[in-house]
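In what follows, every chain begins at residue 1, and chains take the letters A, B, ... in the order their sequences are listed.
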Amino acid sequence: MDRYEQVIELAKRRGFLWNSFELYGGTAGFYDYGPLGSTLKRRIEQIWREIYVIQEGFMEIECPTIGIEEVFIASGHVGGFSDPLCECKQCGEAFRADHLIKHIVEEADGLSNEELDSIIAQHNVKCPECGGEFGKTYEFNLMFKTQIGPGNGRKGYLRPETAQGMFVDFLRLARYYRDKLPFGATQIGKSYRNEISPRQGVIRLREFTQAEAEIFIDPRNKKHPNIQRFENTLLNLYSDEAQDMGESQIMTVKEAVSKGIIAHEFLAYQVALVNHFLQRVGISPDKLRFRQHRKDEMAHYAIDCWDAEILTERFGWVEVVGIADRTDYDLSAHANMSKTELSIYIEYEQPRMVEKFVIRPNMGKMGPVFKGKAKLIAEALKALPKEAFENDEIKVSVDGEIFIVPRDMVEFAHETIKVSGENIVPHVIEPSFGIDRIFYALLEHAYDEEVVSTKDSVEHNDEETRIVLRFKKEVSPVNVAVLPLLTRQELIEPSKEIANRLREKGLLVAYDDSGTIGRRYRRNDEIGTPYCVTIDYDTLKDGTVTIRDRDSMQQVRAEVATIEEVLYDMIYRDKKFETAGKPV
RNA sequence: GCGCCGAUGGUCUAGCGGCUAUGACUGGGGCCUUCCAAGCCCUAAACCCGGGUUCGAAUCCCGGUUGGCGCACCA
């Protein structure tokens, strides 16, 4: 069994991850999060919220998981997702069917699959790799399609990313933030991609959870006001250049910016923030790197793009976060599609006096001549370039009709006007997290097997393996296990009382009185519970309990009276275990 | 979507045409128990689905589902 299998086996057994629809045989690409899994996932998301929503101030919004067709036409997903593919029967190589016949037909992209098939057959197109014959063309679309409403209602798609919702709401968001850049919005939610062949467990899913932030910034100023926070933070960077050499480099954020390795300060801050988040939830720093997209793999509109990658035993480096400067691509695309300006008005510090060529149609003269069309013609005149007014007669076209306007019907002049600002289309910085992948990486990095001696190891010379999930305390799905040492009424009652007090404090508590104490400790090690509180007969005498530390298996005796504060502080406030009570 | 290999209680597994289907661990109940998977008793729990071959199929064949690997794909 390799590490992946061990982790998945444990996750299945203990209620972290289950195959969806198992009762009916299961379906690839879908996973259920069990009781501990959904708790762990929620705690990861909660830390993400704390960082992005509360600290950075990028408010969370919630958009539908179904989007209408226009949204995905604008975003490029409709076009970019439905490539006609066909495969060579001989070597299995897949090709874009329309590309294969480009040299035969002019407009190859508009053709149906059947038309493509017949052209391929007619012209006897063979596989460029091996000369083999092609199979049928099929549609390759990663979006789930659906119908909104009955009959011939609107076409809809399950969203392939949460990002579009935030672009579509841009004007509302800008208003909410009182038209001041930079601002950002975030969304945590499900996205859907109908993967051809999902594998690798939770690494590639058809329904998955994304946490995305869309940060709108002034394209002329990509500095970050709070960059000093991370200036000296060390990042493991696998830059375009480093990839040529095959080795990543560790350097400070400051250095990465000043050497131009990361395109600009704002992006560098985001890379550092991702680094901070991943380590806080429990990713090992030595299994984390940031890989820059190569020039040829980067989307054409992006300036710079970095993936956070996490090292896993079976899958190698797995991309878990993408951080990109998407420029004004998305806003411009939606502006075009919706015919609505998506920009922010930015006032200059000082109003500027600008020379301008002004056109003033004389409506007194034009009205009698052009009657009802006069107004439209005047509008069209205003849109003409300066050169159009050099002749005596000005040609202008309105609704396909050409009008000749005598020059003396129009006045024009160079004027100096006051301009106090301009409309700017913000650039978008997008950190996009795959929560499910982070979840898996966390399990794998937390998983540990340790050889320990058992109770009767002296007699039997026995050793056994202890499985421990070494979760960070603030993410582990159970904070504290409360265990009566023996299954006896006089111990069970005070135990339940203590458990209730811890719950009132907001801690995630598991109460367990079945089996021997050793068995219960191991059970809790396996699900990563950082502390176990055990109630014994001394508790009844002197009001103390033992607290056992998951990682060291050491125990201290602590006062029952303040037990909830002590545990809370150890879990959330970095209080040291040794200070919790007297060593046992 | 193609090729190769697999699928047996919750988990891991034995089985190789002749069952009433191994075993371990886990789970539940009990006895005993004063801190790291102790012991004893009891108990629950499985042949992925559908066809076929055969007197007889967990076992052989076909199809599907599903998992792994390779190819392709990953906007």
Side-chain angles (χ1 to χ4, degrees), chain A residues 1-2 4-6 8-15 18-30 34 72 75-83 85-96 129 132 135-143 160-161 193-201 203-204 297-302 314-315 319 322 450 452-457 459-460 462 464-468 483-488 491 514-526 532-541 545-550 552-555 557 584:
Chain A
M1 262 216 285
D2 71 356
Y4 171 81
E5 279 175 273
Q6 290 171 317
I8 291 296
E9 189 268 307
L10 172 63
K12 204 188 273 181
R13 197 156 41 79
R14 289 297 184 193
W18 298 322
N19 271 110
S20 296
F21 319 120
E22 220 177 1
L23 184 61
Y24 293 103
T27 296
F30 297 96
F72 301 115
S75 69
H77 286 101
V78 168
F81 258 14
S82 32
D83 297 334
L85 284 194
C86 70
E87 285 174 14
C88 171
K89 284 177 180 169
Q90 194 171 302
C91 68
E93 195 85 16
F95 299 91
R96 285 272 300 262
E129 287 292 316
K136 273 201 155 195
T137 299
Y138 60 91
E139 204 61 29
F140 179 74
N141 195 332
L142 258 60
M143 278 199 294
E161 58 177 25
R193 298 177 192 188
N194 202 359
E195 299 285 353
I196 296 172
S197 166
R199 285 175 195 177
Q200 309 171 325
I203 302 290
R204 169 160 286 188
E297 79 180 287
M298 197 152 44
H300 63 277
Y301 48 82
R314 183 185 279 194
F315 310 119
E319 174 197 344
E450 169 178 88
V452 291
S453 52
T454 58
K455 199 176 189 176
D456 45 14
S457 57
E459 301 143 48
H460 297 95
D462 250 3
E464 65 158 340
T465 309
R466 181 174 83 119
I467 297 175
V468 197
L483 317 168
L485 182 63
L486 302 168
T487 319
R488 290 209 171 144
L491 296 180
S514 72
T516 62
I517 190 67
R519 188 186 294 274
R520 283 176 277 161
Y521 284 150
R522 294 305 166 80
R523 263 206 285 260
N524 278 288
D525 288 340
E526 242 186 42
C532 292
V533 167
T534 303
I535 289 83
D536 59 14
Y537 282 97
D538 289 350
T539 312
L540 306 182
K541 272 186 267 165
V545 291
T546 62
I547 304 176
R548 170 193 181 265
D549 176 58
R550 174 194 69 200
S552 64
M553 303 202 289
Q554 296 298 303
Q555 285 180 298
R557 279 207 91 83
V584 175

For A:Arg519, which residues count as a salt bridge (Lys or Arg N to Asp or Glu O under 4.0 Å) partner, sequence neighbours excluded? none
Under 4.0 Å between a side-chain N or O of A:Arg523 and OP1 or OP2 of B:U26? no
Measuring only the C1' atom in each nucleotide, how far is B:G70 from B:U11? A whole number of Å is fine. 29 Å
Starting from P on B:C31, measure out to CZ on A:Arg488 and report it in whole angstrom. 10 Å
Side-chain contact check for A:Tyr537: nearest option of B:U26, B:U66, B:U34 is B:U34
Using the P atom as the point on both nucleotides, what is the distance between B:G15 and B:A75, in whole Å? 45 Å
With both distances under 3.5 angstrom, what nucleotide forms a Watson-Crick or G-U wobble pair with B:C16? none
A:Trp18 and A:Gly34 have their tightest heavy-atom pair at CZ3-CA, 3.8 Å
Could you pull out all residues at least two apart from A:Ile8 that satisfy side chain to side chain contact (heavy atoms under 4.5 Å, CB included)? A:Tyr4, A:Leu17, A:Tyr440
If you pin A:Arg519 and A:Leu485 to their nearest nucleotides in RNA chain B, which one's is more 5'? A:Arg519
Watson-Crick or G-U wobble mate for B:U22, both contacts under 3.5 Å: none
Nearest-angstrom distance from the residue atom OH of A:Tyr24 to C1' of B:G64: 18 Å
Review item, nucleotides 43-49 of chain B N/O atoms under 3.5 Å of protein N/O:
none

Ignoring the backbone of A:Tyr521, work out which of B:A37, B:C35, B:C73 is nearest its side chain. B:C35
When both hydrogen-bonding distances must be under 3.5 Å and the geometry is Watson-Crick or G-U wobble, what is B:C47 paired with, if anything? none
A:Glu161 (side chain) and B:A75 (base): donor-acceptor pair under 3.5 Å: no
Let's see if you can work this out: which of B:A37, B:C73, B:U66 has an atom nearest to the side-chain heavy atoms of A:Arg522? B:A37
Whole angstroms only, please: what is the CG-P distance between A:Leu23 and B:U65? 18 Å
C1' atom, B:A37 versus B:C25: distance in rounded Å? 10 Å
Need the pair for B:A75. Rule: Watson-Crick or G-U wobble, both distances under 3.5 Å, any strand; none if unpaired. none
Heavy-atom pair with the smallest gap, counting every atom of A:Thr539 and A:Arg557: N-NH2, 4.0 Å
Using atom C1' of each nucleotide, how far apart are B:U54 and B:U59 to the nearest Å? 13 Å
Got a donor-acceptor contact below 3.5 angstrom from the A:Arg193 side chain to the A:Pro160 backbone? yes
In whole Å, I'd like the distance from the CG atom of A:Leu486 to the P atom of B:C31. 13 Å
State, with a plain yes or no, whether a side-chain heavy atom of A:His77 is found less than 4.5 Å away from one of A:Leu142. no
With A:Leu483, the side-chain contact (heavy atoms from CB on, under 4.5 Å) member among A:Asn524, A:Val545, A:Ile535: A:Asn524
Residue-phosphate contact under 4.0 Å: A:Thr516 side-chain N/O, B:C36 OP1/OP2: no
Atom pair distance, as rounded to whole Å: CD in A:Gln555 and P in B:C36: 8 Å
Base, sugar-phosphate, or nothing for A:Thr546, non-hydrogen atoms under 4.0 angstrom? base
According to side chain to side chain contact (heavy atoms under 4.5 Å, CB included), who are the partners of A:Leu486, at least two apart in sequence or on a separate chain? A:Arg488, A:Leu491, A:Tyr537
Report the base-pairing partner of B:C31 (Watson-Crick or G-U wobble, both distances below 3.5 angstrom), or none. B:G39
Please give the distance between the C1' atoms of B:A45 and B:G52 as a whole number of Å. 31 Å
Nearest of B:A37, B:C74, B:C35 to any side-chain atom of A:Ile517? B:C35
Could you tell me how far B:C69 sits from B:C60 if I compare only their C1' atoms? Round to whole Å. 26 Å
Counting C-beta onward and ignoring hydrogens, is there a side-chain heavy-atom pair between A:Arg548 and A:Asp525 closer than 4.5 Å? yes
Counting only Watson-Crick pairs (N1-N3 plus N6-O4 or O6-N4) and G-U wobbles (N1-O2, O6-N3), all under 3.5 Å, who is the partner of B:G70? B:C2
Please state the P separation for the pair B:U26 and B:C12 - nearest whole angstrom. 15 Å
With heavy atoms under 4.0 Å as the rule, sort A:Gly515 into base, sugar-phosphate or nothing. nothing
In terms of the nearest nucleotide of RNA chain B, which residue is placed more toward the 5' end: A:Asp525 or A:Arg314? A:Asp525
Write down the distance separating the P atoms in B:U22 and B:C71, rounded off to the nearest Å. 43 Å
Distances for protein N/O vs nucleotides 3-13 of chain B N/O pairs under 3.5 angstrom?
unit_1: B:U11; atom_1: O2'; unit_2: A:Glu9; atom_2: OE2; d: 2.7

Does B:A7 have a Watson-Crick or wobble partner in any strand here, with both distances under 3.5 angstrom, and which is it? B:U65
Atom-to-atom span, CD of A:Glu5 to C1' of B:G68 - whole angstrom: 8 Å
So do the side chains of A:Gln6 and A:Ile467 get within less than 4.5 Å of each other, counting heavy atoms only? no
For A:Arg520, which contact category applies under a 4.0 Å heavy-atom criterion: base, sugar-phosphate, or nothing? nothing
Donor-acceptor check, side chain of A:Asp538 to backbone of A:Lys541, threshold 3.5 angstrom: yes or no? no
Rounded to whole angstrom units, what separation is found between the OH atom of A:Tyr4 and the P atom of B:C69? 8 Å
For the pair made of CD1 in A:Ile547 and P in B:C35, what is the distance, rounded to whole Å? 19 Å
Please confirm whether the backbone N or O of A:Gly515 pairs with a side-chain atom of A:Arg520, one donor and one acceptor, at under 3.5 Å? yes
Please list, chain by chain and in numerical order, all residues satisfying side chain to side chain contact (heavy atoms under 4.5 Å, CB included) with A:Glu22, sequence neighbours excluded. A:Asn19
Heavy-atom donor-acceptor pair, A:Arg193 side-chain to B:C74 base, under 3.5 Å: no
Name the nucleic acid region contacted by A:Glu526, choosing base, sugar-phosphate or nothing; use a 4.0 angstrom heavy-atom cut-off, strictly under. base
